[in-house]
Number of protein chains: 4
Amino acid sequence: MNLEYDGGMEQIDRAEGSPSSSAAPGRPRDTTIDARVTGAVVELLATVPYSALTLEGVAAAAGTSKPAVRRRWGSLPGVVVHTLISVLGTTPTPDTGCVHCDLIAGISTLSDTFQASPITRALPGLVSDLEADPELREVFRRDYFEARRATSRAVLEHAVERGELQDGLDLELTLDLLAAPIYYRAFFGHQPIDDGLAERTVLSVLNGVATADWQRHHRASRS
Amino acid sequence: MNLEYDGGMEQIDRAEGSPSSSAAPGRPRDTTIDARVTGAVVELLATVPYSALTLEGVAAAAGTSKPAVRRRWGSLPGVVVHTLISVLGTTPTPDTGCVHCDLIAGISTLSDTFQASPITRALPGLVSDLEADPELREVFRRDYFEARRATSRAVLEHAVERGELQDGLDLELTLDLLAAPIYYRAFFGHQPIDDGLAERTVLSVLNGVATADWQRHHRASRS
Amino acid sequence: MNLEYDGGMEQIDRAEGSPSSSAAPGRPRDTTIDARVTGAVVELLATVPYSALTLEGVAAAAGTSKPAVRRRWGSLPGVVVHTLISVLGTTPTPDTGCVHCDLIAGISTLSDTFQASPITRALPGLVSDLEADPELREVFRRDYFEARRATSRAVLEHAVERGELQDGLDLELTLDLLAAPIYYRAFFGHQPIDDGLAERTVLSVLNGVATADWQRHHRASRS
Amino acid sequence: MNLEYDGGMEQIDRAEGSPSSSAAPGRPRDTTIDARVTGAVVELLATVPYSALTLEGVAAAAGTSKPAVRRRWGSLPGVVVHTLISVLGTTPTPDTGCVHCDLIAGISTLSDTFQASPITRALPGLVSDLEADPELREVFRRDYFEARRATSRAVLEHAVERGELQDGLDLELTLDLLAAPIYYRAFFGHQPIDDGLAERTVLSVLNGVATADWQRHHRASRS
DNA sequence: CCATAACCGAGACGGTACGTCGCGTCTTGAT
DNA sequence: ATCAAGACGCGACGTACCGTCTCGGTTATGG
């Protein structure tokens, strides 16, 4: 790999450049290509595994050329990370004040995504490839991983404030307990990601971390 | 990958062939190569990510040739799966009758492995590559994944029998809750896999799935 | 090459447009660019072969931009054809009434050109490129090739009229016999184009196509 | 172009290596590819000009890959030179003792070739490209150009010995006069290469370079 | 004791995909 | 309408490495 080549990175900035600056010198980008590439990645992943993805194949499926793709996102992992973010990056998660409702909603969304969108099957390979690209790894962490995690963390924090969860709770571990089983099953495929999984997971975890008060009320309301 | 190629598989059988058949015609395999290759994989993974592994590089690092490696395990994922199994496949896990001791011991072993052995960093890429090789995937599932999982499952089953865990407990989900956070942190690296993680995870989960009796005794014994 | 592009051609007309139209709207062309580009082509060909010429390089060497060059002559072959015509298109060839003098003068000029001007080394590549551009090929044929050939043809015709060359002579073939060896040697480089070549060629050809009368007189005058 | 790359050249030697050496290490070449590539070049040139040839296109038309082509002949000009040699390199030219018969036969073969084989249209572009590759240029000169020229030169030399051509004749110039018109017309296309051209050219030239004796006999035999 | 046969190394092969170059196009802002 | 500057989409390049295959030599077993 030519480590001195970073010209593409400079160009990438263009797409994210200040939107108010109207004066971009040179021919403007064909904005339809962005969507066509993103769509091609999803479509391809519906039929072939991530390890069979190639930047050339993505470009061909998008009806464009390798340099056009590379100018935007640099590498194949770059393309896939961007696709992942644009497809799954922003998820509206509720924070209604009902801990278990909110958590079940959030985890259900995650579980639904793994059942529905082929893009998720790219995750293992992507994680592997990111190990060789720290810069891109940071983008992935910030704009995909942490973006999603933050909403659930807020739900937990508010529940702690309301006295529904134990004080001094290890928030990060709790977040892991909630989300990890989904990823775990997605990666190893040893058990299905079915519709009830989110609820069962959330209740199991809440049993362990909720206050006695909450558990009493919760049990009462279910009977 | 050439899916029609199975010549290597026939040869692989040789190594696992009936041990009673003493009459193997032809030059016998150099048994030192097996260990040298396994060691080379681990050593390489200590310095480079899985995506930078090549069968050629492994062969060179092991001081042998591509065909010699390929004869044994077919493909690069094959080599890595074998290495993973031979390094981490058989772990002595206790089943002493103390549910939280046994679980903490088991999960600690797992967590130690991720901290210590470079082979674990191959997991995401390996999982990705296995998607294109169902046969090898099955070997991985059986000899690595399920082999480890079975021991923890036994611990849980015995605890249910002893009345320490709730009757009708979803064993598979519980196993996921115990192990998934380790893998999750290893894959995404958002939180460290530190020494206390295993204990905190196990206690959190037991809080949710143990019977009231167990929780009472447990709390008493800790004070 | 994009054969559908003829936008440049419309612009080219401007340069050759009616000279009486004094009112050209917009910024007028920088007329110094024409000469700078022509000069740059010659200079570049002094050091690099035609196959290494690029429109970008020509523009840079001329101290201007790609669009400015393209506006004038469309493509790289267009630029070179124009340069060829402007450098070698109009050659003053004598028609004094002395067949061999005039022919030797004409062919010597051609031979000198090949020895002196780097532009001639563009010919093979140019001829090759013109095969994909019939329009430009016609310009080349008319303004370079036929322009030069016509003067020699006139010399031959007048010599036939004077009874110095055989009646019914195949003029075109004779023209080929006179000029072809120079081009042949220039293209394949198997023999040098030295100073006596033109004279030896002309005399050899005249030996074959002149009348007995002329040959008698010619031999007498040389002794 | 990477000027440091000459690995291919080493490999090319393999194909021309000593035929007796049976021990070539490594996988042997697929010999069908050689013919498929040569055929593809000819076929492509029947429909597109040389400037539209690409190594990639040739490989695709031959049903193989770029590296396989490159391993054999290095570059696109290399492939075309080889094709030229294998198609036109060895021409059986007669040397019967009848100087004009032999020359007409030889030049007719040349003229027929230009009328019939699409490979000849590659010549201008090839000559242009060879200017950047002296090594290949030498192969072309030796195995194509000089190989053909030598047979005609022998005819002329024998005719001189027999006293049919003038003593002290400039053989090289005479060879040029004979062959150049064909190439000249092929390159510039100003006049057709018809069936009688070879005979008219040869007789015109012989008129100029044959001895008076030969001319007397020749004229006598024609009447 | 030799023939058989699978192993070993070495290394060239056919091919996929890579990362890059430079073309020809197009747009901007200013002259 | 031209000028410069420069980014764009794209075709093709030349290379790296893959997985395959063939070789000549080596080393055990079995007739």
Side-chain angles (χ1 to χ4, degrees), chain A residues 1-2 5 7-8 10-11 14 22-30 33 53-57 59 63-72 74-76, chain B residues 1-2 5 7-8 11 14 22-30 33 54-57 59 63-68 70-71 74-76, chain C residues 1-2 5 7-8 11 14 24-30 33 54-57 59 63-68 70-71 74-76, chain D residues 1-2 4-5 7-8 10-11 14 22-30 33 52-57 59 63-72 74-76:
Chain A
M1 186 184 296
N2 186 350
Y5 178 70
E10 298 167 10
Q11 317 255 19
R14 203 188 203 209
S22 58
R27 173 176 173 173
R29 285 208 178 139
D30 180 345
I33 289 181
L53 271 196
T54 66
L55 199 144
E56 198 157 30
T64 183
S65 64
K66 274 189 295 179
V69 176
R70 198 173 290 278
R71 236 191 292 271
R72 283 167 171 76
S75 61
L76 179 65
Chain B
M1 187 180 296
N2 187 348
Y5 177 69
Q11 317 256 18
R14 200 189 202 210
S22 57
R27 174 175 173 174
R29 283 201 179 150
D30 181 345
I33 290 181
T54 65
L55 197 142
E56 198 158 28
T64 183
S65 65
K66 273 193 293 180
R70 197 173 291 280
R71 242 188 302 271
S75 61
L76 178 66
Chain C
M1 185 181 298
N2 187 349
Y5 177 67
Q11 317 255 19
R14 200 192 200 207
R27 173 173 173 175
R29 281 198 181 155
D30 180 345
I33 289 181
T54 66
L55 198 141
E56 199 156 27
T64 183
S65 65
K66 273 193 294 179
R70 197 173 292 280
R71 240 188 305 274
S75 61
L76 179 66
Chain D
M1 186 184 295
N2 186 349
E4 298 177 320
Y5 177 70
E10 299 168 12
Q11 318 252 20
R14 201 189 207 211
S22 58
R27 175 175 172 173
R29 285 206 179 140
D30 180 345
I33 289 182
L53 271 195
T54 64
L55 199 143
E56 197 157 29
T64 182
S65 65
K66 275 189 293 179
V69 175
R70 199 174 289 279
R71 238 190 295 269
R72 285 168 171 75
S75 60
L76 179 64

Between A:V69 and A:T64, what is the shortest heavy-atom contact and its length? CG2-CG2, 3.9 Å

D:S65: which residues meet the side chain to side chain contact (heavy atoms under 4.5 Å, CB included) condition with it, sequence neighbours left out? D:P67, D:A68

Taking any heavy-atom pair under 4.0 Å as a contact, classify B:S65: base, sugar-phosphate, or nothing. base

The nucleotide from E:dT27, E:dG15, E:dG11 with an atom nearest the side chain of B:P67 is E:dG11

Need to verify one output field. Residue with the more 5' nearest nucleotide on DNA chain F, A:G63 or C:A68? C:A68

Give a yes/no answer on whether the side chain of C:T64 brings an N or O atom under 4.0 Å of OP1 or OP2 in F:dC3. no

A:D30 and A:R72 have their tightest heavy-atom pair at O-NH2, 3.0 Å

Which part of the nucleic acid, if any, lies within reach of A:S75 when heavy atoms closer than 4.0 Å are counted: base, sugar-phosphate only, or nothing? nothing

Phosphate oxygens OP1/OP2 of F:dC13: is one of them under 4.0 Å from a side-chain N or O of D:R70? no

Please check the phosphate of F:dG9 (OP1 and OP2 only) for any side-chain N or O of A:R72 closer than 4.0 Å. yes

In Å and rounded to the nearest 0.5 Å, what is the CD to CZ distance from D:E56 to D:R70? 9.5 Å

Value in whole Å for how far the C1' atom of E:dG14 lies from CG of D:L55: 15 Å

Output yes when at least one side-chain N/O atom of D:R27 is less than 4.0 Å from OP1 or OP2 of E:dG14, else no. no

Rounded to the Å, how far apart are B:R71 CZ and F:dC21 C1'? 12 Å

Select base, sugar-phosphate, or nothing to describe what B:I33 touches, counting heavy atoms under 4.0 Å on all strands. sugar-phosphate

Atom-to-atom span, CG of C:L76 to P of E:dT25 - whole angstrom: 13 Å

Would you say B:T54 places a side-chain N or O within less than 4.0 Å of OP1 or OP2 belonging to F:dC18? yes

NA contact type, A:E56, heavy-atom cut-off 4.0 Å: base, sugar-phosphate, or nothing? base

Any N/O donor-acceptor pair, B:K66 side-chain to E:dG11 base, under 3.5 Å: no

Can you tell me how far P of E:dG9 sits from CG of B:D30, to the nearest Å? 7 Å

